[in-house]
2 protein chains.
Amino acid sequence: MKKNELMAYSCPLGKAMAALGSKWKPIIVLVIKDRKLRFGELAARINVISRKVLTDQLREMETDGLVIREEFKEIPPRVEYSLTEKGLALLPIMFQLEEWEAKYQDKDKKFDKDCIATA
Amino acid sequence: MKKNELMAYSCPLGKAMAALGSKWKPIIVLVIKDRKLRFGELAARINVISRKVLTDQLREMETDGLVIREEFKEIPPRVEYSLTEKGLALLPIMFQLEEWEAKYQDKDKKFDKDCIATA
DNA sequence: CCGTATCCTGGTCGATACTG
DNA sequence: CAGTATCGACCAGGATACGG
């Protein structure tokens, strides 16, 4: 049974986890949240992700209705990504998750040093 | 870079996703939420999971402070799992995730048919 | 009853090179 | 600039058998 099969199986929470629960998607959401970004800007802000994987993730998020992809057929090409209403609605929930983790975190461990993105 | 390395990296949201973002953990949380359960009861309720994987997940969740494992050294052995305060605090957030997904879901697709667990 | 030990598979993620 | 195409590594998850 593939991950997505089971995730759809334990729905709708499972579908939510499938939409959000990958290595990069939460980060991508946080990076796009403030304004529309071009593909290259995204890649620059999350500079440890490869272009292929970034493209893959963005395509899935588009399918899941989290992001909008606008392609301008110019030379040179320009593509802009932004959050949908659904994607924006996710932000407060992600913020709660952060607070939850922070609240119950072991106080001895420092942890925010190398953070990529913060809500 | 392994998944968990990055997850710790994009903290604390990443840590939250690591604690919750696996194939089975959200389901396990929902299954334990009402009362203390023995290992065998857990396995029975999530009958598509193998014992090895269930054990693995429970151990990780114990490390992350989500569940409590109580071992009674009897014959035959008995082990009971329950949610910690941290685990319980996760429930309202998971419920919001469900509502979020349900709200923005494509209305044409039916989906709740084979649900394992519901918050 | 509640697990380990062992081995295996397939899917995700990534590096690199190429294209319209 | 914004991607595909290709190939490969690695690990989470699973089948099965055995152990205290």
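Not measured: the values here are computed from a predicted model.
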Just to confirm, is there a sub-4.0 Å distance from OP1 or OP2 of D/dG13 to any side-chain nitrogen or oxygen of B/Gln57? yes
Report the nucleotide, chosen from C/dC2, D/dA2, D/dG14, that has the shortest atom-to-atom distance to any side-chain atom of B/Lys23. D/dG14
Hey, does B/Val53 reach any base, or is it just sugar-phosphate, or nothing, if we go heavy atoms under 4.0 Å? base
Tell me whether the OP1 or OP2 atom of C/dG3 has a side-chain N or O from B/Tyr81 closer than 4.0 Å. yes
Which residue lies more 5' along DNA chain D, comparing A/Glu71 with A/Lys52 via nearest heavy atoms: A/Glu71
For the side chain of A/Ser22, starting at C-beta, report the closest nucleotide among D/dG14, C/dC13, D/dA2. C/dC13
With each end axis built from five pairs of C1' atoms, what bend angle do you get for the helix from C/dC1-D/dG20 to C/dG20-D/dC1? Round to 10°. 50°
A/Pro77 side chain, from C-beta outward: closest of C/dG20, D/dG13, C/dC13: C/dG20
Taking the nucleotide of DNA chain D with the closest heavy atom to each, which residue, A/Pro76 or A/Thr55, is nearer the 5' end? A/Pro76
Under 4.0 Å, counting only non-hydrogen atoms across every strand here, what does A/Phe72 touch: a base, just sugar-phosphate, or nothing? nothing
Does A/Arg78 make a side-chain N or O approach to OP1 or OP2 of D/dA2 shorter than 4.0 Å? no
B/Arg51 vs C/dC2: side-chain N/O to OP1/OP2 distance below 4.0 Å: no
